[in-house]
2 protein chains.
Amino acid sequence: MADKVTIADVARAAGVSRQTVSNALNTPEVVRAETRRRVLDVVEELGYRVNQAARQMRTGRSRLIAARIDPEQDGINGSVGDRFLHGLTETAAREGYRVLLYTADGDDAETAAFDDLLGAYEPDAFVLMATHHDDKRTSWLAERGVPFVTFGRAWSEPAAPHCWVDVDGAAGTEAATRHLLSQGHRRIGFLGWPTGSGVGDDRREGWRRALAEVGLGVSGLHRETEDDVAPGEHAARDLLERDPEITALVCASDSLALGALHVARAPGPAWLAGGHPHRPVAVVGFDDTPVAKAIGLTSVRQPLAEVASSCLRLLTHRLDGGAGASPEYLLLPPSLVVRASG
Amino acid sequence: MADKVTIADVARAAGVSRQTVSNALNTPEVVRAETRRRVLDVVEELGYRVNQAARQMRTGRSRLIAARIDPEQDGINGSVGDRFLHGLTETAAREGYRVLLYTADGDDAETAAFDDLLGAYEPDAFVLMATHHDDKRTSWLAERGVPFVTFGRAWSEPAAPHCWVDVDGAAGTEAATRHLLSQGHRRIGFLGWPTGSGVGDDRREGWRRALAEVGLGVSGLHRETEDDVAPGEHAARDLLERDPEITALVCASDSLALGALHVARAPGPAWLAGGHPHRPVAVVGFDDTPVAKAIGLTSVRQPLAEVASSCLRLLTHRLDGGAGASPEYLLLPPSLVVRASG
DNA sequence: ATGCATGATTTGATCGTTCAAGTTAAGGAA
DNA sequence: TTCCTTAACTTGAACGATCAAATCATGCAT
């Protein structure tokens with residue numbers, strides 16, 4: 001609290017001007033090596049730290065990156081966002097940035113939040129999660145020339161005008177399906193979300209592809225429903241009852257997979273209510289949430305730490321380095337975490 | 001992106017001086033009502049927003065609150081921090097503050113992070129989670145006069161020199177135990193953490209108290225172990241095998257409870273490996289994590305949103321209002337979420 | 001009338017940094 | 001010698017807000 005050391009203090013102690021101190025720190029190449037050393041020694045000795053607010057005033061750059069923190073949606077899939085945020089914060093710190101949080105419920109509230117933040121704190125960039133078709137947020141930012149990356153590809157545009165990083169969901173479900181095929185399963189169903197969501201359609205496609213590769217069709221083998229446990233259970237029951245040949249299910253999320261497990265399991269334990277005795281069915285989820293780990297559910301894991309660091313690297317590259325003209329896209333492969341469920 | 005409106009722009013348009021605009025916004029009572037209205041109209045019309053950086057330079061206040069984001073510990077209990085952070089962000093926004101994230105592994109790394117942040121971004125305050133005995137972090141901040149609140153009481157000091165908000169863990173386990181008693185259970189065990197952790201000891205105490213109230217002792221009824229699923233399972237097995245009379249277990253966390261469930265359940269489903277057939281045992285967890293909800297585990301729920309908003313309210317009260325001399329403490333009651341497990 | 005609070009507004013200075021332009025000294029080419 | 005270039009460093013101004021002090025009316029008591 002006591003003292004705040006300013007650049008002028010350092011300059012005085014080192015016997016140079018303010019600007020030379022600034023140069024020694026930010027543009028070393030214009031300062032004589034010996035002078036630079038002397039300045040850096042004094043900086044160290046006095047414990048000088050540049051004041052962000054002052055720097056921001058002059059340069060217009062806040063070294064702040066804004067990201068949304070979600071209320072844990074259904075409580076199961078929510079943890080994805082948190083793992084991502086943690087990775088983001090860690091990488092950001094390493095690159096000299098900090099993560100500023102905001103909340104918003106819906107796209108309109110979020111663009112309003114953009115406006116507020118830009119007016120007051122002037123973050124240098126935004127990181128968006130969960131992109132969807134006709135995402136208003138990206139166009140809002142793009143129109144105003146605000147830098148941003150998205151975790152999630154641009155579903156509506158073939159070649160997006162902005163950078164994105166995403167995980168290859170289709171590759172994930174494809175790997176999951178192949179895994180099940182290799183275990184001898186031949187009739188493998190899919191539990192997903194209603195057509196029209198980019199992410200959901202993508203995950204279904206991976207499953208379809210894997211089956212097609214070995215000459216199997218998908219007719220009557222899938223159900224689409226809301227992303228929660230109860231709907232998942234319902235859909236799974238329906239699917240399994242209509243097709244007694246099905247021995248395995250690939251799911252678009254751990255929530256759905258958990259619902260499926262309630263049906264697919266052998267006569268259930270006392271603390272899981274209402275299970276009809278049923279043949280055992282293998283189940284694979286998506287996201288490798290804590291719940292999956294806890295109950296031994298095989299699941300597709302997204303490399304969230306890498307997604308986060310990639311997002312940040314794309315941003316800082318644009319912010320600090322020359323602003324490369326064409327946007328970059330990055331599609332990372334997920335991995336399958338095999339557990340007892342399949 | 002185009003234009004940024006400054007206070008000078010507003011002043012010019014409204015035909016007053018910069019200072020009057022500032023006063024109209026920050027000290028309305030010194031400005032004539034009519035003038036104030038005119039200024040506010042112009043503010044609205046031009047879309048003026050105060051620039052935080054400039055304000056911070058002059059006032060020394062950043063309106064930033066720093067909080068740590070954890071890597072999801074064991075993946076199960078981690079979600080507590082995230083729910084808290086979300087609440088914090090939401091309340092902060094309402095009070096004109098923003099949450100700035102940082103990461104740190106261990107107390108020393110965290111105080112180093114304090115130093116970094118204070119030097120560069122000058123957050124007005126810190127919010128700390130998971131306080132423990134002899135917490136280096138609180139003393140570091142206190143010595144330097146940096147405002148902060150902790151989620152978690154000051155375990156080492158009788159009357160802490162700083163504000164804290166906490167959840168009454170003992171009340172939670174007490175309620176859980178009473179609930180089990182009311183269901184007819186008479187021999188109720190406890191699975192907890194090694195003695196010495198404030199939180200863990202507190203939770204054990206609530207269980208003990210509830211049993212004592214109805215004249216029951218606790219000898220041989222509890223086990224202490226590391227906070228994870230496997231140790232929980234191990235400890236539960238040990239406890240249940242040595243005392244065949246036990247019909248229910250209260251646990252210090254959902255992780256432990258999940259381990260206990262692996263033992264306590266009726267002959268397990270195929271996807272949960274290695275279960276010895278066993279008598280059914282009721283289990284209650286702590287934290288009401290997504291996992292608890294997913295598997296139907298009765299659990300003690302902490303009112304995280306209220307904890308977060310209370311933390312923030314205590315802070316802003318001190319930051320904005322007069323800095324009340326004596327610290328305030330707030331102990332909030334948890335609630336029991338009853339599910340199939342007990 | 002004069003003086004003097006009081007209310008409403010304005011003026012100049014300042015926070016700590018970096019930008020842009022200026023200065024100084026040294027080295028080469030003419 | 002004189003001029004020009006370059007390297008190394010310094011000086012003043014500016015970013016956009018608020019603080020502290022100054023100014024200008026206005027009303028009221030003396």
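Each chain gets a letter, A, B and so on, in the order the sequences are listed, and its residues count up from 1.
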*Has A:T20 got a side-chain N or O lying under 4.0 Å from the OP1 or OP2 atom of D:dC9?*
no
_Does B:R68 qualify as a cation-pi partner of B:Y102, given the criterion of NZ or CZ under 6.0 Å from the six-membered ring centre and within 45 degrees of its axis?_
no
*Sequence neighbours left out, what passes side-chain hydrogen bond (donor to acceptor under 3.5 Å, both in side chains) with B:S156? Give chain and number order.*
B:H133
*For B:R36, check salt bridge (Lys or Arg N to Asp or Glu O under 4.0 Å) against everything at least two apart and list the hits.*
none
*Before accepting this row, confirm whether a basic side-chain N of the pair A:D9/A:R12 lies closer than 4.0 Å to the acidic partner's carboxylate O.*
yes
*asked:* Students should find this one: the first and last nucleotides of DNA chain C, 5' to 3', lying under 4.0 Å from a heavy atom of chain A. What are they?
replied: C:dG16 to C:dA20
*Between A:D107 and A:K136, is there a salt bridge with N-O shorter than 4.0 Å?*
no
*Do B:N23 and B:R18 meet the criterion of a side-chain donor-acceptor pair at a distance under 3.5 Å?*
no
_Distance check needed: D:dC9 P versus A:R36 CZ, whole Å only._
12 Å
*Enter the distance from B:L46:CG to B:I7:CD1 here, rounded to the nearest 0.5 Å.*
12.0 Å
*Would you indicate whether A:R61, at its atom CZ, is surrounded by more than 12 heavy atoms from other residues, nucleotides or ligands within a distance under 6.0 Å?*
yes
*Can you check each nucleotide of nucleotides 14-26 of chain D against protein heavy atoms at under 4.0 Å and return B for base, S for sugar-phosphate only, - for none, in 5' to 3' order?*
BBBBBBB------
*asked:* Angle between the end axes of the helix from C:dA1-D:dT30 to C:dA30-D:dT1, five pairs per end, to the nearest 10 degrees?
replied: 70°
_A:D105, CG atom: more than 12 neighbouring heavy atoms under 6.0 Å_ = no
*Write out all pairs satisfying ring pair (Phe, Tyr, Trp, His ring centres under 6.0 Å) with one or both partners inside residues 104-123 of chain A, taking only residues at least two apart or from two chains.*
A:F114-A:F126, A:F114-A:W140
